[in-house]
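As structure tokens, the structure follows; a few thoughts come after it.
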Amino acid sequence: MKVELTGGKLINPSFQPAKSGSLSLVGLSAQDSRDRRRKRELGKWAPEGSDQTTGGVEFKVFYWSRFYETQIRQERSSLKAGRQAMASMEGLIGLMNRIQRACTALGDHGGGGEGANLPTLWESLPTIAVVGGQSSGKSSVLESIVGRDFLPRGSGIVTRRPLVLQLHQIDKGAHDYAEFLHLPKTRFSDFALVRQEIADETDRVTGKTKQISPVPIHLSIYSPNVVNLTLIDLPGLTKVAVEGQPESVVHDIENMVRSYVEKPNCIILAISPANQDIATSDAIKLSKEVDPSGERTFGVLTKLDLMDKGTNALDVLEGRAYRLQYPWVGIVNRSQADINRKVDMIVAREKEREYFENSPDYAHLASKMGSVYLAKLLSQHLEAVIKARIPSITSLINKTIDELESELDTIGKEVAADPGAQLYTILELCRAFDRVFKEHLDGGRSGGDKIYGVFDHKLPAAFRKLPFDRYLSVQNVKKVVSEADGYQPHLIAPEQGYRRLVEAGLAYFKGPAEATVDAVHVVLRDLVRKSIGETEPLRRFPTLQAAIATAANEALERFREDGRGTALRLVDMEAYLTVEFFRKLPQDPDSGSKVGNNTNESNGSGSGSVTVDRYGDGHYRNIASNVSQYIKMVGDQLLHKIPKAVVHCQVREAKRSLLNHFYVHIGKKEASQFGHLLDEDPAMLERRQRCWKRLELYKSARDEIDSVAWTR
């Protein structure tokens, strides 16, 4: 409302700025502290004006100045920035809340468990873990921050599962309520029922045996009396197992707590009671191990009102006893009597504030003590940490999405229910296996070179070991020739003996020929096995793997029989002796076979002749030499022919028709039988489901981050 001067009197004086450039009056009440402050500041800068008094209230009347307009703009800008900062805080902490809920819903809660071999997003999220020993006041601190009595109480280990507590500030005047992630359609306005549901949900997972579990409970509380904040309440550290718990529970709890607080993204809220020596604090001891510099730890000192008279905790609160990067915060919780009387938490907060303001020991620290201050401090710090970590979290999410999609491509999609699609899948998998098998043979993958090794090393080595020296000894040649002659000894050349020596000698080549066929068969079988293992899409179908392996090995057996028959026929064919080879052999008898140089006259002629002993050792050595040369010639030829026969009958056919019989067999099957061949490995099926869940989580997190606009 504009203020105008009429007839020398002030009309309707009130605090209402006018538009810039117009003549206005501003009334400043001396009774209003905010207006007095404005009056003092503006009075220094108003060059024009006069003092007037109306109704006993003093006013400063002055013309509208540029300075005052600037002040108003700055004030409005400050309010706008505050609202933006609050929206930013709500957006970032709310973002982490949604991602944490998605993590739990999709099976990612860090640490071990079923998803231990999968990437975890949970451990990358900034969190505040509440750590403390039993009876340290940990539950009371949380209830004071929330302003509600909602946590289970009792003796022994009460908190047996992590409780992810997400606080959401709502409008003033709205009613408090709570929601659980596992009961998404149920809203709790009675917090006694919230306490009971926490206990019941704990028992549903851990049973009544007081066991512990790393699977968290998610609880969201909506209230005008909280700040936007997320805390994880962990089981209290203990030194003794209670009745009904195994002795290992002490170490199990410590390991669970340690798995949270050792992560670099975890903010540690270490709760310690003031009426105990800080050096014995379980929370401080653990935080010192995982955060020796104290840069991630906030120290909270409880039970200040229970210390012995004449003592105080200033050495701790002021950082002299144990220094952290952040100041210690003192808390005064409700007494047991207050809890029994069900004193309202808001009233308890007011009593806590009064305690610090009126305490002679802590009054100078009162503005930085209490659960209200602690909640605001943690909320601001969590928001700052989240803002700093968003880029690295986004990078991790994008990288993990690529990795999971790549793994799912390798695992393959779920099998279709349609028989036609199933048959197509079977044939595609067979072709994929066949490609890998051919790559092994053709040199794209290792293994095919072993076949060449059989031809180039094993076959020649086997030929060299054949006992031809013993077989073609004079004694054995004489024996074979004599047996071949029978009752009629040969007259000129032992032709039957030659043939028998050659045939029996060639038989020695059959062993290496068969061994070559078998060696190549072994290599091919091994390549089938390797190819099945290296065909990635086939790994998920053990039944189809077995069927392909059986069909391929049966085909290789057929190829081996064909190769063996061909190789042996090559050897047998060399038993047919042609004239050409023996025509080129020297016909002169061995000089050692002469029995004399007598010259006889025969039929009156005067010419001399040489008499040759056809049954002497020299003659048999000559026969052995001739047979040896023929066998050597045949051996040289077989060194080339046997590999060709093996390649033609085994390797070539394996490349061309390894699964032909299998295709025919598949074509004769009933459509309902295709599904049996595509039965997946249960482990692979489970792996795919887990990968899909984890991929869904990461994509959901990416979408959440993309949807939140935060101010840097």
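Side-chain contact between K458 and T516: absent, with no pair of heavy atoms (C-beta onward) separated by less than 4.5 Å. Two residues are said to be in side-chain contact when any heavy atoms from C-beta on lie closer than 4.5 Å; L658 and L556 meet this criterion. At least one side-chain heavy atom of L524 sits under 4.5 Å from a side-chain heavy atom of I451. At a threshold of 4.5 Å between non-hydrogen side-chain atoms, the residues R499 and V502 do not count as touching. Looking only at side-chain heavy atoms (C-beta outward), E561 and R564 come within less than 4.5 Å of each other. With contacts defined as side-chain heavy-atom distances shorter than 4.5 Å, the pair I401/R702 qualifies. Between R688 and W692 there is a side-chain heavy-atom pair separated by less than 4.5 Å. Counting heavy atoms from C-beta on, the side chains of Y508 and I631 never come closer than 4.5 Å.
Side chain of S473 to main chain of R470: a donor-acceptor pair is present (N/O by atom type, distance under 3.5 Å, no hydrogens or angles). A donor-acceptor distance shorter than 3.5 angstrom exists from the side chain of R296 to the backbone of C266, with no hydrogens or angles considered. Between the side chain of S395 and the backbone N or O of P391, no donor-acceptor pair lies under 3.5 Å. A donor-acceptor pair under 3.5 Å links the side-chain atoms of D291 to the main chain of E295, judged by distance alone. Using a distance-only test at 3.5 Å, with no hydrogens or angles considered, no donor-acceptor pair links the side chain of N476 to the main chain of L472. Judged by distance alone, the side chain of K668 and the main-chain N or O of V664 form no donor-acceptor pair under 3.5 Å. Counting only distance, with no hydrogens or angles, the side chain of Y471 and the backbone of L501 share a donor-acceptor pair below 3.5 Å. With hydrogens and angles disregarded, no donor-acceptor distance shorter than 3.5 Å links the side chain of S628 to the backbone of A624. For the pair R160 (side chain) and Q211 (backbone), a donor-acceptor distance under 3.5 Å is present. In this structure, S625 contributes its side chain and N622 its backbone to no donor-acceptor pair below 3.5 Å.
A salt bridge is absent between R258 and E262: the closest approach of a Lys/Arg side-chain nitrogen to an acidic carboxylate oxygen does not fall below 4.0 angstrom. One finds no salt bridge joining R569 and D572 here, because no Lys/Arg side-chain nitrogen approaches an Asp/Glu carboxylate oxygen to under 4.0 Å. Using a cut-off of 4.0 Å between Lys/Arg side-chain N and Asp/Glu carboxylate O, R435 and E439 are scored as not salt-bridged. Salt-bridge check for K699 with D703: failed, with every basic side-chain N at 4.0 Å or more from each acidic carboxylate O. Salt bridge D434/K438: present, at least one basic N to carboxylate O contact under 4.0 Å. The existence of a salt bridge linking E503 and R500 is excluded, since no basic side-chain nitrogen approaches an acidic carboxylate oxygen closer than 4.0 Å. For the pair E696 and K693, the salt-bridge criterion is not met [side-chain N within less than 4.0 Å of a carboxylate O]. Ion pairing between a basic and an acidic side chain is recognised when a charged N comes within 4.0 Å of a carboxylate O; E574 and K641 show such pairing.
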Next on the checklist: D526 vs R529, test: salt bridge (Lys or Arg N to Asp or Glu O under 4.0 Å). Steps then yes/no.
Outcome noted: CA-CA 5 Å; D526 186 58; R529 180 187 58 78; 2.5 Å; yes
Next on the checklist: Go through it in stages, so that I can follow the logic: the residues are E557 and R525, the test is side chain to side chain contact (heavy atoms under 4.5 Å, CB included), and I'd like the CA-CA distance, side-chain angles, deciding distance and then a yes or no.
Outcome noted: CA-CA 9 Å; E557 286 291 342; R525 281 181 62 99; 4.3 Å; yes
Item to check | K632/D636 under salt bridge (Lys or Arg N to Asp or Glu O under 4.0 Å): CA gap, chis, key distance, verdict | outcome: CA-CA 6 Å; K632 183 179 183 304; D636 292 341; 3.3 Å; yes
Next on the checklist: For T566 and H648: C-alpha separation, side-chain torsions, deciding distance, then whether side chain to side chain contact (heavy atoms under 4.5 Å, CB included) applies.
Outcome noted: CA-CA 10 Å; T566 302; H648 180 81; over 6 Å; no
Checklist entry - Under the side chain to side chain contact (heavy atoms under 4.5 Å, CB included) criterion, do V257 and E254 qualify, and how do the steps go? => result CA-CA 5 Å; V257 175; E254 181 176 346; 5.9 Å; no
Next on the checklist: The test is side chain to side chain contact (heavy atoms under 4.5 Å, CB included); show your working for F455 and V520 and say whether it passes.
Outcome noted: CA-CA 9 Å; F455 300 151; V520 171; 3.9 Å; yes
Item to check | Trace of the salt bridge (Lys or Arg N to Asp or Glu O under 4.0 Å) decision for K285 with E289 | outcome: CA-CA 7 Å; K285 178 183 176 183; E289 291 178 13; 5.1 Å; no
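Taking all atoms of both residues into account, the shortest heavy-atom contact from P162 to S213 is CD-O, 3.2 Å. Scanning all heavy atoms of the two residues, the minimum distance from C430 to Y663 falls at CB-OH, 3.6 Å. In plain terms, the two heavy atoms of L659 and A551 that are nearest each other are CD2-CB, 4.4 Å. The two residues I705 and I99 have their closest heavy-atom pair at CG1-CD1, 4.2 Å. What you find for V517 and A567 is that their closest heavy atoms are CG2-CB, 4.2 Å. Of all heavy-atom pairs between A513 and I642, the closest is CB-CD1, 3.6 Å.
Here CG of L678 is found 6.0 Å from OG1 of T425. Values are rounded to the nearest 0.5 Å. The OG atom of S406 sits 8.5 Å away from the CG atom of D402 when rounded to the nearest 0.5 Å. Distance CG/L404 to CG/D409: 11.0 Å, rounded to 0.5 Å. Expressed to the nearest 0.5 Å, how far CD1 of I532 lies from CG of L429 amounts to 11.5 Å. Going from atom CZ of F674 over to atom CG of L427 covers 8.0 Å, rounded to the nearest 0.5 Å. The line from CG of L695 to SG of C691 is 8.5 Å long, rounded to the nearest 0.5 Å.
Within a 6.0 Å sphere centred on NZ of K530, heavy atoms belonging to other residues, nucleotides or ligands number more than 12. Atom NZ of K644 sits in a sparse spot, with 12 or fewer heavy atoms from other residues, nucleotides or ligands closer than 6.0 Å. Taking a 6.0 Å sphere around OH of Y452, one finds it holds 12 or fewer heavy atoms contributed by other residues, nucleotides or ligands. Counted within 6.0 Å of CG on D442, heavy atoms from surrounding residues, nucleotides or ligands total more than 12; the atom is thus considered enclosed.
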Atom pairs and distances, side-chain donor-acceptor, residues 533-544, under 3.5 Å, sequence neighbours left out:
unit_1: E534; atom_1: OE1; unit_2: H440; atom_2: NE2; d: 2.9
unit_1: E534; atom_1: OE1; unit_2: R445; atom_2: NH1; d: 3.0
unit_1: T535; atom_1: OG1; unit_2: S531; atom_2: O; d: 2.6
unit_1: E536; atom_1: OE1; unit_2: R539; atom_2: NH1; d: 3.3
unit_1: E536; atom_1: OE2; unit_2: R539; atom_2: NH2; d: 3.3
unit_1: R539; atom_1: NE; unit_2: G533; atom_2: O; d: 2.9
unit_1: R539; atom_1: NH2; unit_2: G533; atom_2: O; d: 3.2
unit_1: R540; atom_1: NE; unit_2: I411; atom_2: O; d: 3.2
unit_1: R540; atom_1: NE; unit_2: E680; atom_2: OE1; d: 2.9
unit_1: R540; atom_1: NH1; unit_2: I411; atom_2: O; d: 3.3
unit_1: R540; atom_1: NH1; unit_2: K413; atom_2: O; d: 2.7
unit_1: R540; atom_1: NH2; unit_2: K413; atom_2: O; d: 2.1
unit_1: R540; atom_1: NH2; unit_2: E680; atom_2: OE1; d: 3.4

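Two rings, from F509 and F468, have their centers less than 6.0 Å apart.
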